[in-house]
Amino acid sequence: MPELPEVEHATAIARRIAVGRTITSVRVLHPSQRRSLPARAAKSLIGDRILEVQRRGKSQRFRLASGRELHVHFRMTGDWLEPGTSELPRTVRAVFGFDDGSRLVLDDPRALSVVSLCASPAADDGLGPDALDPGLTATAFAAALATRRIPIKVALLDQGVVAGIGNIYASEALWRARLDPRTPSNRIDPSALRTLLRAIRTTLTAALKRQERYYNSNATAEEYSRFAVYDREGEPCRRCRSRIKRITQAARSTYYCPKCQH
DNA sequence: CGCGACCTGCAT
DNA sequence: ATGCAGGTCGCG
């Protein structure tokens, strides 16, 4: 589920429910989440108030009145349940209750989500500039990529380069930019890098819009998850009709068009 | 750098 | 039964 567009949507849900509210209960149901948010820390949240919820790459930060920060990362399958869900699925991993009776419910079948409490906002979180940050310049992007010789697809997944690009949109953006995912990141010329940065933004903003349409209408998940190359091995490229190829990079699937990506 | 580990559900 | 999944860390 969660790439940047899904996390953005989840953040909006969390804001609507939690901002301005005081936490009245915290239930951590799975040992995996207990590890990142031990009972002591969970208990200490009670009485604290949520000032703001921000997205940073694919993680969410809840700024608390106490000055602390609650960090939530969905990893592979986490999500906030839409408000109004009465019957909780058995895959619920944590429940935060608020003073107005509302609650924020972490649903995560694989239980890989990380929920942690930080005493203060981390100065350096290891994340690069956010993929949708308008302040991210082509120059900074190029500088971050120049230091490594790893394949560009792998570099895009490195959250320290740019925060927020996941496996799907890395492939999608490279297809849009007509760039071969295997190209070493330090061997891409400035003009191609500008194209790639634009492609990343276009791909992500288009995904955000498609997603909004999906939530506001009765479009199917099928429709929403129609990608140019991702999960389309063997199917025709939308530009040139060649067969989409799948390769493995850094143990993840990469999809690309062998004919029009160079 | 590549790869297993972390977890569970789902498709084959 | 096996292998795979949209993420990340830590190991060798």
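Every chain is numbered from 1, with letters handed out A, B, ... down the list of sequences.
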Length of the line joining A/D79:CG and C/dG7:P, which is rounded to integer Å: 14 Å
Separation of B/dC1 C1' from A/R148 CZ (nearest whole Å): 13 Å
Between OG1 on residue A/T195 and CZ on residue A/R176, distance to nearest 0.5 Å: 12.0 Å
For DNA chain C, the dot-bracket pattern of Watson-Crick and G-U pairs whose distances stay under 3.5 Å, | for other-strand partners: |||||.||||||
N or O in side chain of A/R110 less than 4.0 angstrom from B/dC6 OP1/OP2: no
Nearest-0.5 Å distance, CH2 of residue A/W175 to CZ of residue A/R239: 4.5 Å
Nucleotide of B/dG2, C/dA5, C/dC9 approaching A/A250 most closely (side-chain heavy atoms): B/dG2
Touch class at under 4.0 angstrom, heavy-atom based, for A/R93 against every strand present: sugar-phosphate
CA sep, side-chain torsions, deciding dist, call: A/R55, A/D130, salt bridge (Lys or Arg N to Asp or Glu O under 4.0 Å): CA-CA 9 Å; A/R55 179 188 62 73; A/D130 196 87; 2.9 Å; yes
Nearest-Å distance for atom pair CD/P, residues A/Q249 and C/dG7: 14 Å
Short side-chain N/O contact to C/dG7 OP1/OP2 from A/Q159, under 4.0 Å: no
Out of B/dC1, C/dT8, C/dG6, whichever nucleotide has its closest atom nearest the side chain of A/I150: B/dC1
Which nucleotide in B/dG9, B/dC1, C/dG6 has an atom nearest any side-chain atom of A/R90: B/dG9
Integer-rounded Å distance: B/dG4 P and A/R252 CZ: 14 Å
Passing candidate, salt bridge (Lys or Arg N to Asp or Glu O under 4.0 Å) with A/D48, options A/R63, A/R21, A/R68: A/R68
Between P of B/dC1 and NZ of A/K153, the distance in whole Å: 14 Å
Heavy-atom donor-acceptor pair, A/R34 side chain to A/V28 backbone, under 3.5 Å: yes
Euclidean distance for P, C/dG6 against B/dT12 (whole angstrom): 16 Å
A/E6 side, atom CD; A/L208 side, atom CG - distance, nearest 0.5 Å: 9.0 Å
Residues, nucleotides or ligands: over 12 heavy atoms within 6.0 Å of A/R149 CZ: no
Phosphate contact (C/dT8 OP1 or OP2) by A/H73 side-chain N/O below 4.0 Å: yes
No-hydrogen, no-angle side-chain donor-acceptor test under 3.5 Å, A/T254 and A/Q249: yes
Atom-pair distance (CZ on A/R34; P on B/dC6), nearest Å: 19 Å
A/E3 CD - C/dG7 C1' separation (whole Å): 9 Å
Per A/E6 side chain, nearest of listed nucleotides C/dG6, B/dG9, C/dG7: C/dG6
Nearest to side-chain heavy atoms of A/S253, which nucleotide of C/dG6, C/dA5, B/dC6: C/dA5
Rounded distance (Å) that lies between atom P of B/dC6 and atom CG of A/D108: 16 Å
Below 4.0 Å: OP1/OP2 of B/dC6 and any side-chain N or O of A/R75: no
P atoms of C/dG3 and B/dC3, separation to the nearest Å: 16 Å
C/dG6 phosphate, OP1 or OP2, under 4.0 Å from A/K58 side-chain N/O: no
